[in-house]
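This report concerns only the one structure given below.
Protein chains get the first letters and strands the later ones, always in sequence-line order, with residue 1 at the start of each. Side chains included, hydrogens not; waters and symmetry mates left out as well; all remaining heavy atoms used. Bear in mind the structure is a predicted one, so any value in this text is a computation, not a measurement.
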2 protein chains.
Amino acid sequence: MTKRTYICGLDAAIAVMGGKWKGLILFSLGEEKTLRFGELRRAVPGISERMLILQLREMEASGLVHRKVHHQVPPKVEYSLTDFGASLNTALAPLGKWGEDHMERIEAIP
Amino acid sequence: MTKRTYICGLDAAIAVMGGKWKGLILFSLGEEKTLRFGELRRAVPGISERMLILQLREMEASGLVHRKVHHQVPPKVEYSLTDFGASLNTALAPLGKWGEDHMERIEAIP
DNA sequence: TTCGGTACCCACATTTTTGTCAGTAGGAGT
DNA sequence: ACTCCTACTGACAAAAATGTGGGTACCGAA
């Protein structure tokens, strides 16, 4: 994640959405317009709170997601995609479809 | 990379092409039809021999690449995309374009 | 006999990523 | 006074990914 020049567009794209979780977070936020922290956690099964926060912070720093804090008690924080994040989501759609189309084959890989 | 059921297509896709290198290998093999091991290493700058082999082995196991050994001395091994790999490559194209379109912004991320 | 060239393999060390568990703030409800 | 709720934060440990430096096989050429 260090600043450098990438060797191609795919390289750059993977640098921002890479890892196991960011794609799923993008996907979840793409379905629902905004999600609270707890809702997101439920939307991405298997992720730990810590991981979710870390990923969200990175995505916020990358300009992919927007974080809106409502100063209430108990706290309420809503996350949503920025335009930048939405455009990435769109670019990821064919990959998601590919995964669905080949789900059985992929699950059969040892 | 353990066998399990994925929560969506994107999840599954990321499981097979995940990591920093596989996308680039796919991309390189998509440009040239076949590449020898050494050529591939040069095509993916920064990757170590070990990493390249590990990734290629995984991709072979996933059915993304085909490995053809020519029994010669010195050895010659050619790698190419399978149809499955080519289809993934196609699905990755929009992501690559997204990366190119936003390269400057991505490079500016700390 | 020694060397060059290619595609690896192996053991080990380091780095990066991910998980676990505990704890915090502060107003509302009992 | 006490507990609940939510969105976190931090210390620590475990696991996974990656790098490093070596070695192997084989044949032909010098």
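Here B:E49 lies in heavy-atom contact (under 4.0 Å) with a base.
Contact between the side-chain N/O atoms of A:R67 and the OP1/OP2 oxygens of D:dC8 is found at a separation under 4.0 Å. When the side-chain nitrogen and oxygen atoms of B:R41 are compared with OP1 and OP2 of C:dC8, none of them lie within a distance under 4.0 Å. Residue A:S48 places at least one side-chain N or O closer than 4.0 Å to OP1 or OP2 of C:dG19.
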Report each atom pair, protein N/O against N/O of nucleotides 25-30 of chain D, whose distance is under 3.5 angstrom.
none

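B:Q55 has its CD atom 10 Å from the P atom of D:dG19, to the nearest Å. What separates NZ of A:K76 from P of D:dC8 is a distance of 13 Å, to the nearest Å. Between the CG atom of B:L54 and the C1' atom of C:dC10 there is a distance of 11 Å, rounded to whole Å. Taking atom NZ of residue A:K20 and atom C1' of nucleotide D:dA16, one finds them 11 Å apart after rounding to whole Å. One atom, CD1 of B:I53, and another, P of C:dT6, lie 14 Å apart when rounded to the nearest Å. A straight line from OH of B:Y79 to C1' of C:dA7 spans 8 Å, rounded to a whole angstrom. As a whole-Å value, the separation of A:I47 CD1 from C:dT18 P is 9 Å.
Ring centroid separation for the pair A:W98 and B:F84 comes in under the 6.0 Å cut-off.
Between B:R50 and B:G38, the residue whose closest nucleotide on DNA chain C is further toward the 5' end is B:G38.
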